[in-house]
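One structure is given below, encoded as structure tokens.
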There are 2 protein chains.
Amino acid sequence: MHDDPIPGTELFRNLNPEKQEKVFQAAVDEFASKGYRSASMNSLVRAAGISKGSLFQYFHAKEDLFAAVVDMAAARVKRYLKRVRDETAELTFFERLEWLMRAGFAFIDNHPLLAKIYFHLLQSGEAPFGSERIAELRRQGEGFLADLVRSAQRRGELRESLDTERISFLLNSLLETLLRAYYTEFLAPGLGLYRGDADSLDRWVRTTLDLIRNGLEER
Amino acid sequence: MHDDPIPGTELFRNLNPEKQEKVFQAAVDEFASKGYRSASMNSLVRAAGISKGSLFQYFHAKEDLFAAVVDMAAARVKRYLKRVRDETAELTFFERLEWLMRAGFAFIDNHPLLAKIYFHLLQSGEAPFGSERIAELRRQGEGFLADLVRSAQRRGELRESLDTERISFLLNSLLETLLRAYYTEFLAPGLGLYRGDADSLDRWVRTTLDLIRNGLEER
DNA sequence: AGATAGAATGACCACTTGGTCATAACTGCC
DNA sequence: GGCAGTTATGACCAAGTGGTCATTCTATCT
């Protein structure tokens, strides 16, 4: 369906797809559960059931393998953002935000490991490549939100006076926290967000949207 | 002024204060710049100018040393929260929030390394002890915000219908992101928050408070 | 069956890790 | 000075790291 370009050395790209998949999936598992630094090529190799020599013939270095995994995660996220944007073009700003949140939860349900890698990178900055790449990923997410805000302003749904860029950053921060807490145990202890069921997520979505829409002040 | 209890073994507690300070400061430096896992006792020992044997006589394990550093950071944060609460008791909710944010920036200016350790722990969960300790630190911060919200509700400043706990979580998320981005380069690329000057912080404070107070909807 | 090219292997390398412990150095007391 | 008790030291340990490469295996073609 989505022909992602195959990463790695020519040798790896010529491998039969099942073996490619097995190796790549083992890498995703390893990086998702331990992060870049603590991920171990030895344990990866053990899990994938191949020899260390082979792995290093498929990817020249740990760094390259991680970059390939991140590329894939980022591409998936981008596709999901694009889909939300296109499918909600006719809706109001707050309806679009709601869609975005629910699609985010669904994305985590469908790709829990990729989501973990993606958000972990965004939050920790722990990566072999420079932080420029990370900043770029952030801009991608916030730029998407900024587009939503601007087009809502044009339609008169949001106040014209808003500081679009800063507001997008703050919105992004709210959504990111929510999504991270959905799969991270200690982020929202006792608040029913971690692995929450549909009802619980519903309340979170409503509460968050209400804050963003109306603020807290009594009037 | 604040007599924090001295951590470590009896031997360490009997050391002359300058040496205590030298060792502890080296630990703070190391954990702040590398996080728990990647912090190296070898490099710490080098920086402190003592032998490895001595360090392990002062603290039995890396884990103990880290716990001592975290205890100190958490105690400082707690004191700073208490101070804000007491000194702003007469102000309105939004004035108090503003104080809280500005005091947060000042805290980072005064204790950049401790702040880094504290927030890194809260965000990454990377610690030798269980996540219960981390959850407890989170509850401390969010509980503080929840108190502010509730007392403002009693005074009629905020809507009664608010979901206090969830709102506190969201507010905490906003403030935490802002403070983290103040000392982290890649979190808000190109938005003038990282190491921002007084004017820039001013805009951020105003924009954030405006969102929290009024929301985004045109009315 | 034999030759050849391509792929798989794991012993091996230099290096780092947290932690130990026999020994050495220093201290105050008689 | 000689002794005793305390503190400092760094060589050493087992385990782990990312990465290499000479060797072996395997599949294909003649």
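Throughout, a chain's letter reflects where its sequence line sits, starting with A, and its residues are numbered from 1. Heavy atoms only: backbone and side chains are in, while hydrogens, waters and symmetry mates are out.
Annotation: cation-pi geometry satisfied between K62(A) and Y36(A) (NZ/CZ under 6.0 angstrom from ring centroid, within 45° of ring axis).
Considering only side-chain atoms of K62(A), the nucleotide from dG18(C), dT9(D), dG19(D) that sits closest is dG19(D). Checking dA8(D), dT17(C), dA8(C) against every side-chain atom of N42(B), the shortest atom distance belongs to dT17(C). Comparing dG18(D), dT9(C), dA8(C) by their nearest atom to the side chain of I50(A) picks out dT9(C). Taking every side-chain heavy atom of K19(B) into account, dA8(D) is the closest of dG18(D), dT9(C), dA8(D). In the set dT9(D), dT9(C), dG18(C), the nucleotide with an atom closest to the side chain of Q57(A) is dT9(C). Considering only the side chain of S40(B), dG18(C) comes nearest among dG19(C), dG18(C), dG18(D). For A61(A), counting side-chain heavy atoms from C-beta on, the closest listed nucleotide (dT9(C), dT7(D), dG19(D)) is dG19(D).
Using a 4.0 Å cut-off between charged nitrogen and carboxylate oxygen, R206(A) and D202(A) count as a salt-bridge pair.
In this structure, R37(A) and R37(B) have side chains that are not in contact, with every pair of non-hydrogen atoms separated by 4.5 Å or more.
The base of dG19(C) sits with one of its N or O atoms less than 3.5 Å from a complementary donor or acceptor on the side chain of K52(B).
In this structure, R37(A) places its CZ atom 13 Å from P of dG18(D), rounding to the nearest Å. Taking atom CZ of R46(B) as the reference point, atom P of dT17(C) lies 7 Å away to the nearest angstrom. E30(A) places its CD atom 9 Å from the P atom of dG18(D), with the value rounded to the nearest Å. In this structure, N16(B) places its CG atom 12 Å from P of dT27(C), rounding to the nearest Å. Here the C1' atom of nucleotide dG18(D) and the CG atom of D64(A) are 13 Å apart, to the nearest Å. The distance from atom CG of L11(A) to atom C1' of dA5(C) is 13 Å, rounded to the nearest whole Å.
With rounding to the nearest 0.5 angstrom, the OG atom of S200(A) is 5.5 Å from the CZ atom of R166(B).
Y58(B) comes within 4.0 angstrom of sugar-phosphate atoms only, judged by non-hydrogen atoms across all strands, and of no base.
Judged by distance alone, with hydrogens and angles left aside, the side-chain atoms of S173(A) form no donor-acceptor pair with the main-chain N or O of F169(A) at under 3.5 Å.
Both S54(A) and S43(A) lie near DNA chain D, and the one whose nearest nucleotide falls closer to the 5' end is S43(A).
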